[in-house]
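Take a look at the structure below.
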Amino acid sequence: MKRALRPNLINSLSTSFSSSLPQQHKLPSLHFHTNIKAHFVAKLQTCKDLASATSTHSNIVKFGFSNDTFAANHLINCYLRLFRIDNAQKLFDEMPQRNVVSWTSLMAGYVGLDQANMALCLFRQMQGTVVLPNEFTFATLINACSILVNLEIGRRLHALVEVSGLQSNLVACSSLVDMYGKCNHVVEARLIFDSMCTRNVVSWTSMITTYSQNAQGHTALQLFKEFNHSGLDRPNHFMLSSAINTCASLGSLSDGKITHGVVIRLGQDASDVIASALVDMYAKCGCVNYSAKVFRRISIPSVIPYTSMIVGAAKYGLGTLSLQLFQEMVVRSIKPNDVTFVGVLHACSHSGLVDKGLELLNSMNGKYGVIPDAKHYTCVADMLGRVGRIEEAYELAKSVQVEGDARAMLWGTILSASRLYGRVDIALEASNRILESNPEVDGAYVTLVNAYALAGDWENAHNLRSEMKHTGVYKEPGSSWIEVKEPT
DNA sequence: ATAGGGTTAG
């Protein structure tokens, strides 16, 4: 095997370099060296599978480039593209000389694999070296803070950005705008946006999204308009999706139609991402028939527009349409994901197709390879609860392992159903589990009081209410207890 | 060579 591999490689190299090699008599070895390295790097950039990555890796070692930082950085990035963070980390650990690209690449790799914390750890390690962070390093780290909603570290990085003299840097500032926005600090995001000396589509999109995600949709749309009149650039599909999404969150059909008009004028209506946003927007603005129109114009819809349409139809009680669409995507071999199943399960729930819903839940993993999680169980528990199949809902909830807020949600659903059907025993059980999952939830206290009261256990109800007053979680009786999580 | 923004659920 190995014997065959090496001559082949040398053959392929000599053919690719045969035209340049003979002319370079003076420095043949040096040029061969440079060219062969370029060849390996080119190979790494187009690597599609682990086998070719590892074979190129071993060739890099064989040809004596194992200590070459440039080649190793390419290898790291190649492994990261193939989602092999373990290989990338191992290589990184073995590098004798790491530069800022080595560090930043590995950090970005962790962020991309939902391990934003690891990126921050790496930065701490990096600070113990002589390598200095650049704008890309900061952008990657600030992005990690956005994902983690970690304002504290975000602020520290902001300070470091300033110390490093990058306070007007486009890339660093755009990520700061995004970070402050994701941490709900709109004013600070805007201050940075205003302080930037150059802005591009990305920075404007970050600012628009910040307003949109912080319940200031009108300001977001105003900024979108401002950008369009500024003549700086044309909005791209990122900015357009954000604007459409803003209209959806506002529930404003008129703004939605105007934005749809902008999309058409810019010739962006063929974009899958934009179409998904439009389908969702029309459904949220009360026009599911428009959603259907947009959806049917997509030639090959991916799982996202399919899901948007399934969810939209489900909300309008068009359960049969949702299920038809689901069937259609299965026939077209478009793989449903976890969100798609939330949609179809909702459809079953809202249209009273209970047994169909149960059948779907049970076939999710085996037939479609999607492992049901808390949100699916909550959905099905709600479906069973609505039609009074409380026992089954209760058994289902007991059978699943869920933690934290998701657990409170699941048992909140059981609680709601058991109250509705007067099952005080199960209501009590559910209240207790909500308390176990999340003791800070004041709504659960109220519910527990209600449950005790319902059961006629007034003494316990009274005691608990005093305890609540004591711990400061008291809520006036009669207020809504369904709000498990209040917006901050 | 490395980087920043967007789309489906609750």
Side-chain angles (χ1 to χ4, degrees), chain A residues 41-42 44-45 69-78 80-81 99-109 111-112 133-144 146 166 169-179 181-182 196 199-210 212-213 235-246 248 268 271-281 283-284 291 295 301-312 314-315 336-346 373-376 378-379 382 405-406 409-410 412-413 484-485:
Chain A
V41 166
L44 288 172
Q45 282 172 317
T69 305
F70 183 81
N73 285 348
H74 273 284
L75 254 174
I76 288 179
N77 282 296
C78 180
L80 291 176
R81 267 200 309 279
N99 65 12
V100 64
V101 177
S102 332
W103 285 96
T104 307
S105 301
L106 195 62
M107 286 174 192
V111 173
N134 64 14
E135 67 211 279
F136 301 120
T137 320
F138 283 120
T140 305
L141 292 164
I142 292 163
N143 184 25
S146 302
L166 294 168
N169 181 277
L170 180 69
V171 172
C173 288
S174 297
S175 53
L176 280 171
V177 169
D178 176 63
M179 188 274 293
K182 296 260 159 50
M196 294 169 74
R199 300 179 199 96
N200 64 5
V201 193
V202 178
S203 19
W204 281 79
T205 304
S206 296
M207 198 59 236
I208 290 169
T209 308
T210 292
S212 180
Q213 287 172 347
N236 60 13
H237 73 283
F238 286 100
M239 188 183 269
L240 290 167
S241 316
S242 187
I244 297 163
N245 207 24
T246 307
Q268 289 263 25
S271 153
D272 194 83
V273 170
I274 288 180
S276 304
L278 286 170
V279 167
D280 176 63
M281 182 274 292
K284 284 180 178 157
S291 299
F295 179 76
S302 74
V303 59
I304 309 262
Y306 258 110
T307 305
S308 302
M309 195 59 231
I310 286 170
V311 170
K315 272 190 200 141
N337 65 20
D338 56 333
V339 186
T340 317
F341 277 103
V342 174
V344 279
L345 292 173
H346 255 112
D373 62 33
K375 53 186 184 284
H376 303 109
T378 305
C379 200
D382 179 59
D405 283 353
M409 289 286 275
L410 176 63
T413 303
V484 174
K485 202 174 176 182

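Fair warning: this is a prediction, and the values are worked out from it, not measured in the lab. In what follows, every chain begins at residue 1, and chains take the letters A, B, ... in the order their sequences are listed.
- The side chain to side chain donor-acceptor pair (under 3.5 Å) search around A/Ser102 returns A/Asn73, A/Asn99, not counting sequence neighbours.
- As judged by a 4.0 angstrom heavy-atom cut-off over every strand, A/Val101 is placed among the base-contacting residues.
- Using a 4.0 Å heavy-atom cutoff across all strands shown, A/Asn245 reaches sugar-phosphate atoms only and no base atom.
- Within 4.0 Å (heavy atoms only), A/Asp272 reaches no atom of the nucleic acid at all.
- For A/Phe341, the ring-ring contact (aromatic ring centres under 6.0 Å, His included) partners at least two apart in sequence or on another chain are A/Phe326, A/Tyr368.
- Not counting sequence neighbours, A/His376 has no partner by the ring-ring contact (aromatic ring centres under 6.0 Å, His included) test.
- Across all strands, A/Asn73 comes closer than 4.0 Å to base atoms (heavy-atom distances).
- In this structure, A/Thr210 contributes its side chain and A/Ser206 its backbone to a donor-acceptor pair below 3.5 Å.
- When heavy atoms are screened at a 4.0 angstrom cut-off, A/Leu170 is found touching base atoms of the nucleic acid.
- In summary, contact between chain A and DNA chain B, defined as any nucleotide atom under 4.0 Å from a heavy atom of the protein, begins and ends at B/dA1 to B/dG10 in the 5' to 3' direction.
- Contacts of A/Val311 with the nucleic acid, taken as non-hydrogen atoms under 4.0 Å apart, involve only primed sugar atoms and P, OP1 or OP2.
- Here A/Val303 lies out of heavy-atom contact (under 4.0 Å) with every strand.
- Under the ring-ring contact (aromatic ring centres under 6.0 Å, His included) criterion, A/Trp103 pairs with A/Phe92, not counting sequence neighbours.
- Counting non-hydrogen atoms under 4.0 angstrom, A/Asn99 reaches a base of the nucleic acid.
- Residues satisfying the salt bridge (charged side-chain N to carboxylate O under 4.0 Å, His left out) test with A/Asp373, not counting sequence neighbours, are A/Lys375.
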